Protein chains: 2
Amino acid sequence: MLYAVFMSSALPPFPKHQEPVDQPQLLEVGSGADEPCLRADAARNRARLLEAAGRLVAEHGASGVTMEAVAEAASVGKGTVFRRFGDRTGLLMALLDHSAKKLQADFLGGPPPLGPGAPPVERLRAFGVAALRRSAEQLDLQLAAQPEAARRLAHPSLRALVTHVTILLRQIVPDADCDLLAQALMGYLDPALIHHLTKQCGMPLERLEAGWIDLVSRATRTEPSH
Amino acid sequence: MLYAVFMSSALPPFPKHQEPVDQPQLLEVGSGADEPCLRADAARNRARLLEAAGRLVAEHGASGVTMEAVAEAASVGKGTVFRRFGDRTGLLMALLDHSAKKLQADFLGGPPPLGPGAPPVERLRAFGVAALRRSAEQLDLQLAAQPEAARRLAHPSLRALVTHVTILLRQIVPDADCDLLAQALMGYLDPALIHHLTKQCGMPLERLEAGWIDLVSRATRTEPSH
DNA sequence: AATCTAAACGGACCTCGGTCCGGATCCTGA
DNA sequence: TCAGGATCCGGACCGAGGTCCGTTTAGATT
């Protein structure tokens with residue numbers, strides 16, 4: 001499989017030692033040309049790099065995407081790779097961005113039930129299935145950007161928590177797919193998510209706790225408490 | 001804050017070049033002494049290393065936990081750290097294991113509503129809140145073991161997906177905390193989770209899709225669609 | 001066309017995670 | 001008590017990610 005990607009979201013042009021923060025452009029799906037006026041040679045090299053990276057993924061898997069290898073395959077200096085994408089994760093993200101933008105376009109302007117026109121619940125169902133399938137492909141690429149995420153889920157102590165939740169769920173909703181439901185609930189408790197919501201979005205912990213209570217009620221179809 | 005941890009789950013004694021796979025001991029909360037009979041010096045060094053790592057976390061934050069620094073602080077060779085914990089993540093996991101075991105003990109044998117005795121729904125609610133609070137502390141440690149997880153959530157293309165789900169949810173359940181609900185739903189679509197369930201647990205993708213449909217029904221309190 | 005400046009380039013260099021193997025150390029069994 | 005051998009230790013070594021800065025080049029201005 002070949003990941004041919006050329007135009008994608010870029011990082012700011014490397015303001016010496018300033019963390020490459022991602023621009024807050026949300027839902028700006030202006031169909032390409034979101035490049036912040038790169039110089040000609042820069043744009044050319046960027047394209048080369050993405051093309052080379054895609055080729056390397058296709059040939060040697062995501063683990064073969066070494067920054068030096070990409071640089072060499074693109075006939076470019078190593079520093080250029082980092083200036084353009086910040087770091088390895090940034091490069092992989094840029095590769096992923098391609099299909100991400102595609103899915104985005106599909107549910108923003110595509111045909112129903114994914115796109116506008118169908119009732120919201122239908123759209124939500126279709127969205128999940130589409131996202132699920134998209135992730136199922138390029139799993140290697142996604143995981144390459146999250147080296148440790150898979151290990152976490154396999155760790156005994158987390159497994160124990162999942163098992164506990166599963167057992168409780170079986171007592172409450174015996175007819176449901178409790179293994180999956182437990183995973184869904186546990187996802188809400190993911191430390192990374194907690195960090196994002198509290199530290200980056202500024203939500204107080206109390207709100208998250210209330211959210212959990214509500215989530216449990218919904219998942220188990222029980223009455224909202226008090 | 002000091003993380004004093006000594007006895008925790010260990011890796012097998014390093015069978016040359018064999019991936020240190022985590023033993024399938026589930027729910028074995030035999031309150032300590034799960035050490036697989038380490039040699040005296042090995043056990044001593046293990047304790048030293050965990051103590052040193054905890055001190056480093058307390059002093060310089062999780063990012064200060066360099067394998068070499070830990071080794072030196074414990075007056076031990078670098079190779080010893082890796083032999084004992086496999087890799088940096090393994091070391092951090094071992095540090096985390098302490099509070100994980102504690103939570104585990106709490107809901108397995110502690111007082112209600114967390115422990116046995118309360119109705120399952122109550123226990124589930126209490127469990128989430130407890131887990132939420134536990135994660136809120138040691139966030140730095142958790143994130144150190146998942147370097148890229150937080151970035152992923154902040155990435156524009158993922159934000160766009162979350163926003164879309166949020167908007168749909170607002171149309172379906174205007175009274176809910178749709179931001180949080182959207183995050184919970186998106187958690188189910190996390191690539192790492194998909195990988196774990198399909199590749200490691202052997203679930204077919206169809207089951208995950210059915211799980212999504214069901215999850216949406218529950219989250220929105222709509223009728224299960226046949 | 002000549003010039004000038006900001007931006008991009010390249011690759012030497014550094015750090016740190018991870019590996020390897022000769023040598024030291026601990027436990028067993030006699 | 002004393003081999004003998006399995007286990008463990010230590011630190012030199014390697015590779016890949018990430019940084020720095022002197023040099024080159026695009027492209028605007030005159």
Side-chain angles (χ1 to χ4, degrees), chain A residues 10-20 35-49 52-53 56 60-94 144-148 151, chain B residues 10-20 35-49 52-53 56 60-94 144-148 151:
Chain A
L11 267 49
F14 233 56
K16 289 275 180 174
H17 266 207
Q18 176 181 329
E19 189 67 17
E35 295 293 291
C37 55
L38 283 174
R39 228 171 66 174
D41 52 350
R44 174 177 48 82
N45 282 342
R46 182 191 159 82
R48 267 196 198 171
L49 284 168
L56 285 180
H60 308 116
S63 67
V65 182
T66 276
M67 298 307 259
E68 272 177 292
V70 172
E72 187 179 8
S75 307
V76 138
K78 192 175 168 185
T80 303
V81 190
F82 284 92
R83 188 175 330 95
R84 200 51 54 204
F85 298 102
D87 56 10
R88 194 181 124 100
T89 302
L91 174 58
L92 297 178
M93 297 262 225
Q146 308 255 329
E148 309 293 0
R151 275 184 62 185
Chain B
L11 265 51
F14 233 54
K16 289 275 177 174
H17 265 206
Q18 175 181 330
E19 188 69 17
E35 295 293 290
C37 54
L38 247 39
R39 224 171 69 173
D41 52 348
R44 173 178 48 82
N45 281 342
R46 181 191 160 81
R48 268 196 197 169
L49 284 169
L56 285 181
H60 309 116
S63 68
V65 181
T66 275
M67 297 307 258
E68 271 176 292
V70 173
E72 188 179 9
S75 307
V76 139
K78 191 177 170 185
T80 302
V81 191
F82 284 93
R83 188 175 328 98
R84 199 51 54 201
F85 298 102
D87 57 10
R88 194 182 126 99
T89 303
L91 175 59
L92 297 179
M93 296 262 224
Q146 311 258 326
E148 310 292 358
R151 275 184 61 185

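This one's a predicted model, so the numbers in the text were calculated from it and none came from an experiment. In the text below, chain A, chain B and the rest are named by the order of the sequence lines, each starting its count at 1.
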*Asks:* Restricting to non-hydrogen atoms, name the atom on A/R88 and the atom on A/V65 that form the minimum distance, rounded to 0.1 Å.
*Replies:*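 Smallest interatomic distance, heavy atoms only, reads NH1-O, 2.5 Å.
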
*Asks:* Looking at every non-hydrogen atom in both residues, tell me the closest pair between A/V81 and A/A71 and how far apart they are.
*Replies:*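 Residues A/V81 and A/A71, closest heavy atoms: CG2-CB, 3.6 Å.
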
*Asks:* So if I define the base as every atom that isn't primed, P, OP1 or OP2, how would nucleotides 24-30 of chain D read as a B/S/- string at a heavy-atom cutoff under 4.0 Å?
*Replies:* -BSS---

*Asks:* Just wondering, do A/V70 and A/M67 contact through their side chains at under 4.5 Å, heavy atoms?
*Replies:*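 Contact flag for A/M67/A/V70 side chains = no.
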
*Asks:* A/L56 has an atom CG; how far is it from atom C1' of D/dA16, in whole Å?
*Replies:*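 Checked: the CG to C1' distance equals 14 Å.
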
*Asks:* Separation of B/R48 atom CZ from D/dC9 atom C1', in whole Å?
*Replies:*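 Interatomic distance, CZ of B/R48 to C1' of D/dC9: 12 Å.
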
*Asks:* Quick check: do A/T89 and B/R151 have side-chain heavy atoms less than 4.5 Å from each other?
*Replies:*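 The answer is yes; the side chains approach within 4.5 Å.
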
*Asks:* Could you give the CG-to-P distance, from A/D87 to D/dA16, as a whole number of Å?
*Replies:*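 From A/D87 CG to D/dA16 P: 17 Å.
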
*Asks:* Counting only heavy atoms and a strict 4.0 angstrom limit, can you tell me which residues of residues 67-79 of chain B come near DNA chain D?
*Replies:*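 Contacting residues: B/V76, B/G77, B/K78, B/G79.
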
*Asks:* Calculate the interatomic distance between A/F82 atom CZ and D/dA16 atom P; express it in whole Å.
*Replies:*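 The distance from CZ of A/F82 to P of D/dA16 comes to 12 Å, rounded to the nearest Å.
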
*Asks:* Can you find a pair of side-chain heavy atoms, one from A/R46 and one from A/L38, that are under 4.5 Å apart?
*Replies:*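 Yes - at least one pair of side-chain heavy atoms lies under 4.5 Å apart.
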
*Asks:* What's the spacing between B/K78 NZ and B/E68 CD if we round to 0.5 Å?
*Replies:*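 Rounded to the nearest 0.5 Å, the NZ-CD separation comes out at 4.0 Å.
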
*Asks:* Any side-chain N or O of B/R46 under 4.0 Å from OP1/OP2 of D/dC8?
*Replies:*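 Answer no for this pair, as no side-chain N or O of B/R46 is under 4.0 Å from OP1 or OP2.
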
*Asks:* Whole angstroms only, please: what is the CZ-P distance between B/R83 and C/dC21?
*Replies:*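 So the CZ-P distance, B/R83 to C/dC21, works out to 14 Å.
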
*Asks:* Which heavy atom in A/A74 sits nearest to a heavy atom in A/L49, and how many Å separate them?
*Replies:*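 For A/A74 and A/L49, the tightest heavy-atom pair comes out as CB-CD2, 3.6 Å.
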
*Asks:* Starting at atom CG of B/N45, determine the distance to atom C1' of D/dC8, rounded to an integer number of angstrom.
*Replies:*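 Distance check: B/N45 CG to D/dC8 C1' gives 9 Å.
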
*Asks:* Is B/T80 near enough to D/dG10 that one of its side-chain N or O atoms lies under 4.0 angstrom from OP1 or OP2?
*Replies:*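 Yes, B/T80 has a side-chain N/O under 4.0 Å of OP1/OP2 on D/dG10.
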
